[in-house]
Protein chains: 2
Amino acid sequence: MARMGLNDSKAGMTGLDKQKINRIILEATKGSRFYNNEMRKEKQATERVTRLKAKLTKITQAQRLAALDELKRMENQLETTRDLSRFIVHVDMDAFYAAIEIRDNPSLADKPMAVGGTGMMLTSNYIARRYGVRAAMPGFIGKRLCPDLVFVKPNSAKYAQASKEVRAILAEYDPNFASVSLDEAYMDLTEYLEGRKCTFPSSHVEFTVPQQDLTEDMLKILNEVAPPTVDGVDSYNNCSSNSSIRKVSFGHTIEDVMREIRFKINRKTKLTASAGIGPNKMLAKICSDWKKPNGQFKVEFTRDKIIEFMRQLPTRKISGIGKVSERLLNEIEISNCKELYDKRDLIYLLFSNVSTKFFLAVAMGIGSNEVSSKNYQRKSISCERTFGEISRLADMLVKCQKLCDNLANHMKKENITGRCLTVKLKTVAFEVKQRSVSLKHHTNSTTEMFNIASEVIRSERLACQPERLRLRLMGIKMSTLKRHESDEKSIQDTLTRYFNKYDENCSQSQSTINEASKSFINIEQHKLDEKSKLDKVTCYFSKYDENSSQLQSTMKEASKNCDNMEKVTCPVCDQFYVYKSDETSWLALLNSHIDTCLQQPETMKPSQSHNDSVGSSKGKGVKRRKLQHNRMQPTTGNKTLHNFWQAKDNTHQ
Amino acid sequence: MARMGLNDSKAGMTGLDKQKINRIILEATKGSRFYNNEMRKEKQATERVTRLKAKLTKITQAQRLAALDELKRMENQLETTRDLSRFIVHVDMDAFYAAIEIRDNPSLADKPMAVGGTGMMLTSNYIARRYGVRAAMPGFIGKRLCPDLVFVKPNSAKYAQASKEVRAILAEYDPNFASVSLDEAYMDLTEYLEGRKCTFPSSHVEFTVPQQDLTEDMLKILNEVAPPTVDGVDSYNNCSSNSSIRKVSFGHTIEDVMREIRFKINRKTKLTASAGIGPNKMLAKICSDWKKPNGQFKVEFTRDKIIEFMRQLPTRKISGIGKVSERLLNEIEISNCKELYDKRDLIYLLFSNVSTKFFLAVAMGIGSNEVSSKNYQRKSISCERTFGEISRLADMLVKCQKLCDNLANHMKKENITGRCLTVKLKTVAFEVKQRSVSLKHHTNSTTEMFNIASEVIRSERLACQPERLRLRLMGIKMSTLKRHESDEKSIQDTLTRYFNKYDENCSQSQSTINEASKSFINIEQHKLDEKSKLDKVTCYFSKYDENSSQLQSTMKEASKNCDNMEKVTCPVCDQFYVYKSDETSWLALLNSHIDTCLQQPETMKPSQSHNDSVGSSKGKGVKRRKLQHNRMQPTTGNKTLHNFWQAKDNTHQ
DNA sequence: TATCATAGT
DNA sequence: TACTACTATGATA
DNA sequence: ACTCATAGC
DNA sequence: TACTGCTATGAGT
Ligand SMILES: Nc1ncnc2c1ncn2[C@H]1C[C@H](O)[C@@H](COP(=O)(O)OP(=O)(O)OP(=O)(O)O)O1
Ligand SMILES: Nc1ncnc2c1ncn2[C@H]1C[C@H](O)[C@@H](COP(=O)(O)OP(=O)(O)OP(=O)(O)O)O1
Ligand SMILES: [Mg+2]
Ligand SMILES: [Mg+2]
Ligand SMILES: [Mg+2]
Ligand SMILES: [Mg+2]
């Protein structure tokens with residue numbers, strides 16, 4: 001089954017021995033519950049294909065002609081939105097988490113490694129990718145593919161810090177840039193580029209690169225800078241290459257500006273980024289993968305060249321066309337965008353209106369070029385955990401309580417409430433169920449959420465009778481969100497309620513359970529005495545981040561309680577600091593301290609290289625720390641269709 | 001030069017290709033400043049050998065006979081102190097730091113790895129040892145010996161926690177056990193063993209070992225338990241070995257008790273320990289290395305068998321006979337203890353009285369069997385750092401200030417003052433100088449110490465004129481210590497002074513420098529503006545521990561300042577907790593929380609295995625944290641002679 | 001008492 | 001990029 | 001509005 | 001020991 005096989009749609013994974021890799025993967029997974037579930041899904045998907053094919057056979061020539069007629073109108077309409085005037089860039093860090101761990105432990109540089117554990121890998125370096133080891137693969141399979149694979153556990157704070165440093169650089173060029181995730185962002189460099197050309201050469205900057213920065217990665221960037229041209233104007237674009245120190249200036253073409261950005265990223269973080277340049281986000285995104293790692297690619301900005309570029313492109317390369325869509329398209333003999341265009345009439349007859357329009361735009365090389373960090377608002381917020389099998393109601397309610405508590409904390413910090421609560425359940429057979437309830441009013445109260453959720457759980461256990469409901473995961477999601485204004489007063493209210501709750505939290509959590517589970521106590525209470533086996537969750541940042549975020553709120557509270565001093569502990573170096581609350585800059589000071597800490601990993605984990613800090617005491621150079629949300633705050637969604645039509649044609653159905 | 005070659009006096013390092021290893025080590029180090037200094041030391045040592053040999057040639061037969069006469073008296077005296085009645089045990093964890101890191105990241109289990117970095121390795125696992133990679137070797141040489149070597153940075157808190165868990169188990173058997181370092185301890189099991197035999201079989205315990213604990217390591221321990229004997233009494237000593245779960249009882253022999261202890265250690269920590277059993281500490285220590293890793297050895301408890309055991313023993317195996325002593329002995333053709341005894345007349349004539357007595361006792365298999373945690377008192381306390389080369393006075397004073405500040409903090413926490421201050425300086429040529437000063441009174445004040453130390457440094461710079469004093473390390477040591485009683489009042493005073501200092505620390509530190517360096521400001525002030533290159537120190541726990549210890553004191557202060565609540569942040573999970581100060585148990589509660597945290601490493605660094613903690617919030621199961629010194633508190637010294645005579649013959653000169 | 005060297009983890 | 005940090009004792013003057 | 005599936009990092 | 005956690009959208013009801 002292709003479903004179980006290697007998913008090679010990632011940079012650095014071409015030309016592998018897929019045969020061998022798939023055999024190993026299959027051996028490792030065959031017979032497992034996970035495998036059985038994949039087979040079940042596979043069947044479902046195959047059925048979908050069957051339905052599609054059935055539909056296909058019923059299509060008449062007349063229908064196809066009518067479709068082409070309608071498509072012509074659609075195409076004309078789309079063509080009017082084609083815009084080649086903007087320079088859109090997509091920047092994506094290479095093997096992001098892995099690169100950071102390697103930077104901080106260079107002995108890993110020449111080894112296959114992955115960030116994660118035997119349960120799940122979040123990413124792998126390019127060496128490991130040669131073995132078929134990739135993100136979203138369980139570690140134990142990675143280990144079979146590559147017995148020398150080394151695992152490193154994720155350190156979310158470091159990734160967030162690196163991300164922040166990168167974004168600071170991007171902001172210099174487009175203050176409105178939109179981040180998609182910790183490691184990627186879109187930018188619109190049109191305005192910047194014009195500015196640069198206008199003020200040229202007064203805006204010209206020459207960078208001096210000290211020897212220690214001249215790594216192989218850095219040289220690759222510098223050596224691609226266009227050499228000086230003959231006419232004097234471009235002669236600034238040169239790289240003096242005397243012995244050790246090197247001077248470099250970047251030109252004012254879009255390519256050179258991108259090289260400058262990648263140069264600054266590497267200089268600041270020692271990480272490499274790749275970039276794609278195109279007239280819209282769809283094309284830029286495709287291009288950023290083109291020369292990965294540590295490369296960049298620009299599609300030519302003419303209608304013909306763009307269409308030529310698209311025609312040869314496998315459909316799977318388009319963000320939004322995944323494993324299943326690819327397969328569906330394959331069934332009607334579409335594997336690249338030329339065929340996608342040629343068979344657009346079939347698409348029209350077989351797929352939905354939205355999909356048709358999406359496919360058509362893709363085939364034409366058209367997409368949204370709106371880049372903005374202003375319009376993004378989160379639409380849902382959730383918390384879920386995998387654990388060892390449970391089936392007793394009491395166990396489920398304990399999990400549920402924790403999830404609700406956690407989720408409520410995050411909602412309070414973001415000052416949002418929600419009206420739709422969704423419970424997600426995954427059985428030990430990996431089947432996922434979700435049950436959602438619309439509430440009478442918006443809420444972010446732990447108790448309220450728990451009461452609803454526990455009802456849902458109870459009813460779900462009954463619904464599957466006489467089978468036992470055997471769970472491996474539970475999740476709570478809130479959607480239909482409302483944002484509450486964050487003027488001082490309302491923040492204070494929320495925080496106050498939060499802290500009230502905190503103070504009575506221990507007993508409240510308990511009583512919530514007892515209250516909500518009155519009905520089953522007689523039946524199940526006696527089982528509570530059995531010592532429950534220690535579940536372990538394979539999860540990633542969330543738990544860590546929850547800890548630190550609560551720490552932050554709680555610290556804020558603590559300092560309020562005391563006096564007019566802010567007392568905080570740096571989560572990196574564990575050092576304790578006291579600031580005057582009335583100095584408005586204390587938070588900024590703290591932030592800067594955290595930056596410093598993170599820039600010196602050897603402060604906490606010495607043994608790498610010399611560093612004169614004796615950690616003598618708290619005075620000395622001012623040290624400081626940051627309060628910010630621990631959840632990533634993207635400034636744009638990453639779902640293709642969203643990106644795609646966002647602010648271009650959002651009137652569409 | 002043997003001096004530079006591999007030091008294979010460690011478990012797991014026999015049968016290596018020393019030729020090849022030494023060649024690689026030599027290649028890596030030849031020509032370095034370190035190497036040159038080793039050559040210098042080598043010369044010195046050789047000179048010592050020459051003097052010894054000169055002395056040797058002048059020895060007459062008469063002298064030797066006289067010596068033997070005197071030795072006879074000595075020997076008789078020693079023989080009276082021979083005591084075979086006590087069961088002394090030495091327990092030493094296997095590849096301690098490395099084993100912990102492997103336990104917490106099992107993907108390292110089959111790889112050569114070391115704890116430390118490219119600068120210095122603190123230990124290595126047994127796989128790496130096969131390549132000649134060992135503790136106290138710089139990482140970059142390890143890397144040459146074994147290019148696949150993986151480095152893991154040290155995590156002192158984890159080692160301290162594991163050590164604590166082990167010691168808790170040891171205490172069950174000998175509450176007076178004496179720890180030597182984080183990973184080893186002596187015990188006297190005589191009393192325990194008698195108790196166990198008396199109450200037998202009522203004291204008999206059967207352990208149930210769940211399947212997941214039945215690792216290879218564990219099985220090795222269990223399978224060595226003596227099988228049931230024919231006479232009914234011993235039949236408790238059995239291992240039921242049905243399918244998965246296994247039951248085991250340990251007998252009441254010293255060996256079985258040790259297996260029980262090692263069993264409990266492995267069950268609790270997943271680490272392995274090795275043990276040596278003998279009638280005194282010297283023999284127990286030798287024996288604990290005998291079957292490393294995860295093994296144990298008992299020397300037979302008769303005078304003849306002990307002497308037989310010693311006779312074949314290379315001198316280097318005795319704790320206290322190091323590289324140099326071994327070589328000196330080799331020069332008079334002594335390489336094992338038989339020869340050590342046979343040539344005791346030469347020893348008597350060539351070595352000091354103390355050494356002679358030591359060597360003689362060793363050869364006779366005699367040593368101290370006093371095990372106690374009560375009598376230990378620290379004799380000195382110090383702080384030192386390596387950094388990038390400095391030679392300006394201003395730079396030196398900055399380092400010195402930090403060292404003094406740090407040292408003072410630690411002394412205040414231990415409530416001690418000192419009267420002898422020693423400044424240690426290591427030049428870039430690795431030459432070590434020390435200068436000590438006896439003060440008029442005991443002190444632990446940063447300022448006072450800094451004033452003295454900076455005078456020493458100034459004079460040392462002048463003393464080496466016209467050469468520049470070029471340093472790579474500076475250290476401050478205080479000795480001739482006085483302990484101050486820790487009744488409430490005196491603690492309060494010390495803490496108060498400490499916090500007073502802390503509050504003005506920033507400015508005080510600065511002013512101290514300015515004041516103490518008045519004389520050079522005119523000359524050197526202008527150089528202070530040059531941006532000094534960022535030094536990096538390769539050092540191990542101290543910086544980390546300093547941070548956390550200060551955190552703890554500082555937190556204590558913070559909570560005093562506020563109200564009657566104790567507010568503390570768990571250094572492991574970063575969670576913030578509040579306790580009522582008047583609940584006397586708050587500290588214990590906290591300690592227990594930290595234990596819990598450390599037992600669940602995946603709470604902070606998830607991705608390994610399932611664990612149901614959502615980190616929901618602060619209530620729930622009570623969580624808590626510990627205040628304890630971050631410096632290891634041994635309960636006995638580890639210097640052989642100290643161990644050796646301690647409380648056995650401490651009247652000796 | 002002061003300095004350097006050896007030894008241990 | 002690169003040979004530790006900390007404690008204790010012995011030898012010698 | 002609700003459920004399930006797909007998709008991306 | 002062992003197949004994530006989070007967010008968003010589309011399709012079908
Ligand atoms: N399936 C996943 N689950 C959780 N985290 C993920 C997953 N995939 C990726 N991540 C995290 C780890 C990645 O380093 C980071 C950025 O993802 P992504 O850009 O797709 O890959 P990458 O940066 O690791 O490699 P590259 O971009 O070079 O292909 O997001
Ligand atoms: N030279 C050193 N410098 C700093 N720390 C050290 C040094 N040698 C050992 N340590 C630390 C790391 C060790 O894991 C720990 C215990 O030392 P030790 O018992 O001698 O070796 P070990 O426990 O690592 O291996 P083993 O005992 O199996 O030979 O002390
Ligand atoms: Mg990436
Ligand atoms: Mg990405
Ligand atoms: Mg050990
Ligand atoms: Mg040891």
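Keep in mind that the numbers below use all heavy atoms, side chains included, and drop hydrogens, waters and symmetry copies.
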*Contact under 4.0 Å: T422(B) side-chain N or O vs dA2(C) OP1/OP2*: no

_Need one value for A136(B): base, sugar-phosphate or nothing, where a base atom within 4.0 Å counts as base even if backbone is also close, heavy atoms only._
base

*asked:* Once you apply a heavy-atom cut-off of 4.0 Å, does K433(A) come out as touching a base, just sugar-phosphate, or nothing?
replied: sugar-phosphate

_Counting only side-chain nitrogens and oxygens, does S436(A) get under 4.0 Å of the OP1 or OP2 atom of dA1(E)?_
no

_Categorize K323(A) for me: base, sugar-phosphate, or nothing, with a 4.0 angstrom heavy-atom threshold over every strand shown._
sugar-phosphate

*For the side chain of K285(B), counting heavy atoms from C-beta on, which of dG5(F), dT6(C), dT9(C) is nearest?*
dT9(C)

*asked:* With a 4.0 Å limit, can you tell me whether K426(A) has a side-chain N or O closer than that to the phosphate oxygens OP1/OP2 of dT4(F)?
replied: yes

*asked:* Is it true that, when you exclude K433(B) itself, more than 12 heavy atoms of the residues, nucleotides or ligands shown sit nearer than 6.0 Å to its NZ?
replied: no

*Using Watson-Crick or G-U wobble geometry with both distances below 3.5 Å, tell me the partner of dT4(D), or none.*
none

*Counting just side-chain N and O atoms, does Q44(A) come under 4.0 Å of either OP1 or OP2 of dA5(E)?*
yes

*Compare the minimum distances between each of dG10(D), dC2(E), dC3(D) and the side chain of F430(B), then state the nucleotide with the smallest one.*
dC3(D)

*asked:* By the 4.0 Å heavy-atom rule, please label K143(A) as base, sugar-phosphate, or nothing.
replied: nothing

*Any side-chain N or O of R472(B) under 4.0 Å from OP1/OP2 of dC3(D)?*
yes

_Considering every strand and a 4.0 Å limit on heavy-atom distances, what is the contact class for R33(B): base, sugar-phosphate, or nothing?_
nothing

*Take the protein atom CZ of R134(B) and the nucleotide atom P of dT4(D), then report the distance between them rounded to whole Å.*
14 Å

*Give R316(B) one of three labels, base, sugar-phosphate or nothing, depending on what nucleic acid heavy atoms sit under 4.0 Å from its own.*
sugar-phosphate

_Shortest side-chain distance from Q434(B), nucleotide among dT3(C), dT4(F), dT4(D)_ = dT3(C)

*V354(B) side chain, from C-beta outward: closest of dG10(D), dT1(C), dT9(C)*: dG10(D)

*asked:* Within the 4.0 Å heavy-atom criterion, would you say E38(B) contacts the bases, only the backbone, or no part of the nucleic acid?
replied: nothing

*If you look at every strand shown and take non-hydrogen atoms under 4.0 Å, does R144(A) touch a base, only sugar-phosphate, or nothing?*
nothing

*asked:* Please confirm whether the shortest side-chain N or O distance from T29(B) to OP1 or OP2 of dC3(D) is below 4.0 Å.
replied: no

*Would one find a side-chain N or O of S380(A) under 4.0 angstrom from OP1 or OP2 of dT7(F)?*
no

*So does S352(B) get a side-chain nitrogen or oxygen closer than 4.0 Å to the phosphate oxygens (OP1/OP2) of dA11(D)?*
yes

_Between E38(A) and K41(A), does any NZ, NE, NH1 or NH2 come within less than 4.0 Å of an OD or OE carboxylate oxygen?_
yes

*Are S181(B) and dG8(C) close enough that a side-chain N or O sits under 4.0 Å from OP1 or OP2?*
no

*Name the closest nucleotide to the S438(B) side chain, picking from dC3(D), dT1(C), dC4(C).*
dT1(C)

*Compare side-chain N and O positions of R385(B) against OP1 and OP2 of dC6(D) and report whether any pair is under 4.0 Å apart.*
yes

*Hey, does I141(A) reach any base, or is it just sugar-phosphate, or nothing, if we go heavy atoms under 4.0 Å?*
base

*How is N37(A) classified with respect to the nucleic acid when contacts are heavy atoms under 4.0 Å: base, sugar-phosphate, or nothing?*
nothing

*Verify the distance criterion only: is there a donor paired with an acceptor across the side chains of T386(B) and R472(B) at less than 3.5 Å?*
no

_Looking at D213(B) and K270(B), is there a salt bridge between them, counting it only when a charged N and a carboxylate O are closer than 4.0 Å?_
yes

*Assign the ring pair Y97(B) / Y159(B) to parallel, tilted or perpendicular, where the plane angle (0 to 90°) is split at 30° and 60°.*
parallel

